[in-house]
Every structure is written in structure tokens, then in C-alpha cells.
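A short write-up of the structure that comes next.
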Amino acid sequence: MTNIAIVYYSATGNIAAMANAIGEGAASVGAEVRVRRVAETAPADAIASNPKWQAHFDAMANEPLATLDDLEWADGIALGSPTRFGGPASQLKSFLDTTGGLWFKGVLVNTVGTAFTTASTAHGGLESTTLAINNHFYHWGSLIMPLGYGDEHVSKVSGNPYGASHVSRKGSVPDEDSLKACFVQGRQLAQVAGWVAAGKSGA
Ligand SMILES: Cc1cc2nc3c(=O)[nH]c(=O)nc-3n(C[C@H](O)[C@H](O)[C@H](O)COP(=O)(O)O)c2cc1C
């Protein structure tokens with residue numbers, strides 16, 4: 001069984017929907033999947049200033065938070081964040097900054113990592129966010145898995161080889177095309193992580 005952890009931050013729900021679609025893709029090839037949000041760190045008045053943010057915050061109150069154990073457990077890790085000024089949200093970064101102990105022990109070496117994002121405009125930093133998230137994988141010693149163009153849905157429809165992405169222009173939520181790209185990315189992550197895990201165990 002291949003273990004896949006999907007760790008994300010989402011303020012208004014777009015990345016949360018994409019994370020679930022990645023989970024469905026991984027599960028479709030038999031992986032065991034954990035989809036985990038990171039903690040909200042913004043002040044209550046900032047959250048309350050945006051009804052969509054408050055609604056998502058309230059809806060997620062009982063959903064489990066990502067832990068270091070989830071990363072240690074995983075053969076493959078997908079990290080997701082909305083684009084914030086061209087990079088990942090501080091909430092995700094806060095969680096990732098607690099992984100120093102795992103890094104020190106080399107626990108994450110040869111895990112397979114992949115990243116996904118959303119931004120409100122097509123040229124608002126989708127790729128720079130994906131690449132910035134990927135920097136963590138370099139330091140962990142992970143093998144970075146791009147979405148690439150191997151699947152026809154990506155090469156002909158969704159179009160972003162860096163990682164699944166959604167342009168939430170005018171508040172649009174992830175559509176069928178974006179969610180399908182996420183599904184493909186999750187399926188591919190589970191397959192590649194499974195090959196690597198089998199190689200490590202000499203199977
Ligand atoms: C503080 C802040 C900064 C943002 N920065 C960008 C940006 O640099 N480029 C962009 O296109 N969208 C930007 N956005 C829009 C979000 O990335 C976009 O709405 C995203 O779909 C939200 O995802 P979520 O629903 O998972 O929180 C920003 C939003 C906020 C609140």
C-alpha cells in the first residue's frame with residue numbers, strides 16, 4: 001500500500017477542493033490517503049472581514065490538522081497553497097517550518113513531492129508559487145514530481161506542467177478541468193511514489 005499525504009492551506013476553499021481531488025486520484029490507484037489542512041494563523045478579525053473566508057474557517061473547524069507524523073508516514077507528499085503575492089501562504093510555510101527535526105534525521109529523503117496552487121489571475125504567480133513550494137522538497141531530499149504533459153488532459157486542456165492550478169477569476173471555484181488535473185496529479189503521485197517505495201524495499 002502506498003501512503004499519500006496531501007497537506008494544504010486554503011482560506012476560501014479553492015485549494016481544499018483541489019486537495020480532495022488529488023486525494024481521489026491517489027485513491028483511484030489503491031493508495032492510502034490522508035488529506036490534511038494546516039492551522040489557520042490569521043487573526044479573527046481578518047478572517048471575519050471576508051465572509052467566504054469565515055464560512056470556510058467555520059466549516060473546517062472539526063477537520064484534522066496536518067502533523068509531522070503524516071509526513072513521516074507518507075511515501076508521496078502533495079503540498080498546496082493559494083498564491084499569495086506570488087508565493088505560498090504563510091500558514092503553509094509555518095507548518096513546513098516545523099519540519100526541521102524530520103529534515104535533520106533525513107526522514108523525508110526519497111519521498112516523492114509535488115505541488116499545486118490557485119491564483120485569481122492567470123499571470124498572478126501560479127508557477128512561482130509552485131516552484132517556491134518545491135524548494136522545500138529540495139531541502140528534504142525529496143524527488144520532485146511535476147505534473148508534466150504525460151497525460152492528455154494536461155497537454156490538451158488544463159495546460160500547466162508545473163502542477164495542477166486553477167485561476168479563480170472573479171471568484172470562480174475550481175471547475176471540472178482544474179479538478180481533473182488534480183485527479184491526474186494525485187494518481188500520478190501515487191504511482192510514482194509506489195515505484196520508489198518498491199525500489200527502496202527491494203521489491
Ligand atoms: C493576501 C492575498 C494575496 C493574494 N495574492 C495573489 C497573487 O499574487 N496573485 C493572484 O493571482 N491571486 C492572488 N490572490 C488570490 C488568491 O490566490 C485566490 O483567490 C485563490 O483562489 C484563493 O484560494 P483559496 O480559496 O484556497 O484560499 C491573493 C489573495 C489574498 C487574500
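As a basis for the values below, the full set of heavy atoms in this structure was taken, side chains included, without hydrogen atoms, waters or symmetry mates. Read the numbers this way: they start at 1 and go in the same order the structure lists the ligands and their atoms.
Atom CZ of F137 has more than 12 neighbouring heavy atoms from other residues, nucleotides or ligands inside a 6.0 Å radius. Annotation: W53, atom CH2; neighbour count of heavy atoms from other residues, nucleotides and ligands within 6.0 Å is above 12.
With respect to the salt-bridge test (charged N to carboxylate O, under 4.0 angstrom), the residues D151 and K180 do not qualify.
Between the side chains of D58 and Q54, at least one donor-acceptor pair of N or O atoms lies under 3.5 Å. Side-chain contact, D97 with S94: no donor N or O sits under 3.5 Å from an acceptor N or O.
Listed by chain and number, residues touching ligand 1 at under 4.0 Å (heavy atoms only) are S10, A11, T12, G13, N14, I15, P82, T83, R84, F85, G86, T118, A119, S120, T121, G124, S168.
Partner of M145 under the side chain to side chain contact (heavy atoms under 4.5 Å, CB included) criterion, chosen from I77, V196, L189: L189.
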